[in-house]
Amino acid sequence: MSGISVQHLNKAYASFQVLRDIDFRVSAGEFVVLLGPSGCGKSTLLNVIAGLDEVDSGRVLIGDTDVTGFEPNQRGLAMVFQSYALYPTMTVRRNLSFGLRVNKVAKPEVERRVAWAANLLQLTPMLDRLPSQLSGGQRQRVAIGRALVRQVPVYLFDEPLSNLDARLRTEMRVEIKRLHQELGCTIVYVTHDQVEAMTLATRIAVMKDGKIEQFADPATVYDRPASLFVASFVGSPAMNFIEGRLHGEAAGPVFRSGDLILPLEPGVFAAPPPEELDVVLGIRPEDIVIAPGAGPGPTFSAALVFIEPMGADTFAWFDHAGGRLSVRLSPTLARGLAGAATLAPDLAKASIFDAATGRRL
Amino acid sequence: MTDNNSPAFPFAFSAAQARRRRCGSRIALYLFLSGAAVLFSIPLLIMVLTSFKSMPEIRQGTIFSLPAALDLSAWVKAWSGACTGLACGGLSVGFWNSVRILVPSVVLSILAGALNGYALALWRFRGAHAVLTALMLGAFIPYQVILYPLVKIFSFLHLYSTLPGIIVIHVVFGLPLMTMLFRNFYAAIPAELVKAARVDGAGFFRIFFEIMLPMSTNILIVALILQTTGIWNDYLLGLIFAGHDNQPMTVQLNNIVTNGTGIVEYNVNMAATVLTALPPLAVYFLSGRYFVRGIASGAVKG
Ligand SMILES: Nc1ncnc2c1ncn2[C@@H]1O[C@H](COP(=O)(O)OP(=O)(O)OP(=O)(O)O)[C@@H](O)[C@H]1O
Ligand SMILES: [Mg+2]
């Protein structure tokens, strides 16, 4: 088993900086998800790890070996590409076995592994078809199978489920998770689907503009986002934000926005907060409840704008001081809602960001 | 339903009208095309007719009339008896010389062009752009300009007037066009295909022969036609570089036609010309369908 260590990677296309000082370590057997908006450099980073793109500076280690100058096939990894990249003139069987044949694996072993992967991915009936005779989802499974048969310590997945329909995507997600547990391999997995990120990852690296904004386990990324960007990118609907000012008072720090005054718990701060600062308070839709009357904590009232039923949950959107706030409710509770309501935020779960830098305090 | 022109069926009416209009433009198109076909086939027809006539019949000057009898002697003479200078072996010598030049030249130039195009399109290496620009220039320089230096170089290398010499010449002169043809074809192939193969462990040549070449059938046929006709029809390069023993068919044809001694045997000349033009024609007829398909696939996508 081998982990991956990426050290101070920089890469630019002409004047456009694609990767900026990327530095992170993936332990052996870990499942790391690279999450970020389109164009932030996820595929580029994966290509660099695979040895398909050169870097301007920085190193890549796999296991204990510095592989920075190595060819892709010397790095002991397999990769699934965003666009399948199946060999169009080869049958599914020959697509699956190509990497093994190139690496001179003995014939019976090749056949054994192809049969294993085909069985696992339900490709057995179409082994003798060409890629052009397969559906999108079947092609994607062949692409995954082509990586799996290699049986290498490190797998790189570039949005392997992006072209599947919702049901197949859920099925394959479970399948990939099971495979990871079964094979015990190290996986780096690119996606911009946050459900995939939350369910699959042991740790998530959230990227923005070629930088890693936060690298932590899914719960931490969700509950304690390191920046405004992470807070707004992870979670659907996004975290609610209220702009205001932080005041240090005798009883502790207080958040003020207009006539809204919320006393903050010291626990939400990583370090002792400054006395005075412009800040943004972030709170998840599920951390606000509709209070029947005056509760123990602070409350405020807001006007209901509209209701979004999503099935298991309903989101109610309120107007507060010109901004929108979403609240997650049970459908029964939502039905009784009209006009205005009293909202009670759970301030122990709030996140406070420096308004100037966007970093978490 | 008897009154088709009633306003209750406006669509039927307008559809019929449209069909009639389309029919009209069709007729014009066919008229133009068949006119062009006749225009181009008249010289060919005269050549074939004349080649079957005897010399006295030709002297009557009725070039459009059918031959009185099917006289094959001109063809036989053109193939095996016509005189080129001192030797009187007919065109067959030149035919086999041309085949010996053509086959290796076509195979090697296509292979080299495909490899070049593949490297330029799918492997980003330092200076790729400069190589491409140089090749483009090569395609546009009239080759008469560099003939003399080439002759000097080849005689220095002892390749002048040899079979390998003329083959190298054809490969080199075919390279710009072949490279650009294949480069444009391979540029339409997603780069991730090569990346996937590299991760799988395949190298430059393995990817070329196992993945790229099998995808290239259409463009290979285009290249085959272009090179076969180009090299078969070549006169100047063959005349200069092939040497006396390897003179291609076109050079021999010229020698037969311009043979100064005695009377001009029009029937033999015509038969010899048709014989020389036959191989490229055969290639067109056998693979024209693929030719069109290959040209189109370059424009749309592989
Ligand atoms: N060959 C190239 N030349 C110039 N810019 C490039 C090149 N390849 C990629 N880029 C740029 O680098 C940035 C990162 O690209 P990358 O493919 O890594 O994005 P990504 O995060 O994978 O996006 P997506 O989620 O859409 O796949 C993009 O802004 C892209 O425009
Ligand atoms: Mg990408």
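Hydrogens, waters and symmetry mates are skipped; everything else that's a heavy atom, side chains included, is used. Throughout, protein chains are lettered first and strands after them, A, B, ... in sequence-line order, and every chain is numbered starting at 1. Since this is a predicted model, take the numbers as computed values, not measurements.
- Around the CZ atom of F32(B), the shell of radius 6.0 Å holds no more than 12 heavy atoms that belong to other residues, nucleotides or ligands.
- With a 4.5 Å cut-off on non-hydrogen atoms, R206(B) touches chain A through its side chain but not through its backbone.
- Residues V199(B) and F81(A) have side chains in contact (heavy-atom distance under 4.5 Å, counting atoms from C-beta outward).
- For the set L52(A), L77(A), N47(A), V80(A), the count of heavy-atom pairs under 4.5 angstrom toward chain B peaks at L52(A).
- If you take CG on L86(A) and CD on E192(B), they are separated by 11.0 Å, rounding to the nearest 0.5 Å.
- Within the 4.5 angstrom heavy-atom criterion, no atom of A191(B) approaches chain A.
- The two residues V102(A) and G201(B) make their nearest non-hydrogen contact at CG1-O, 3.2 Å.
- In W123(B), the CH2 atom is crowded: over 12 heavy atoms of neighbouring residues, nucleotides or ligands sit closer than 6.0 Å.
- Taken from CD1 in I211(B) to CZ in F98(A), the straight-line distance is 4.0 Å, to the nearest 0.5 Å.
- Heavy atoms closer than 4.5 Å to chain B are found in both the backbone and the side chain of R101(A).
- Taking both residues in full, the closest heavy atoms of P88(A) and L193(B) are given as CD-CD2, 4.0 Å, listed atom of the first, atom of the second, then distance.
- Within 6.0 Å of atom CD in E54(A), 12 or fewer heavy atoms from other residues, nucleotides or ligands are found, so the atom counts as exposed in its surroundings.
- Under a cut-off of 6.0 angstrom, the local environment of CG in D64(A) is sparse, with at most 12 non-hydrogen atoms contributed by other residues, nucleotides or ligands.
- Residue Q82(A) touches chain B through both its backbone and its side chain, counting heavy-atom pairs closer than 4.5 Å.
- The heavy-atom pair separating D53(A) from K195(B) by the smallest distance is OD1-NZ, 4.5 Å.
- The shortest non-hydrogen separation linking N103(A) to D200(B) is ND2-O, 3.3 Å.
- Taking all atoms of both residues into account, the shortest heavy-atom contact from E210(B) to T89(A) is O-OG1, 4.4 Å.
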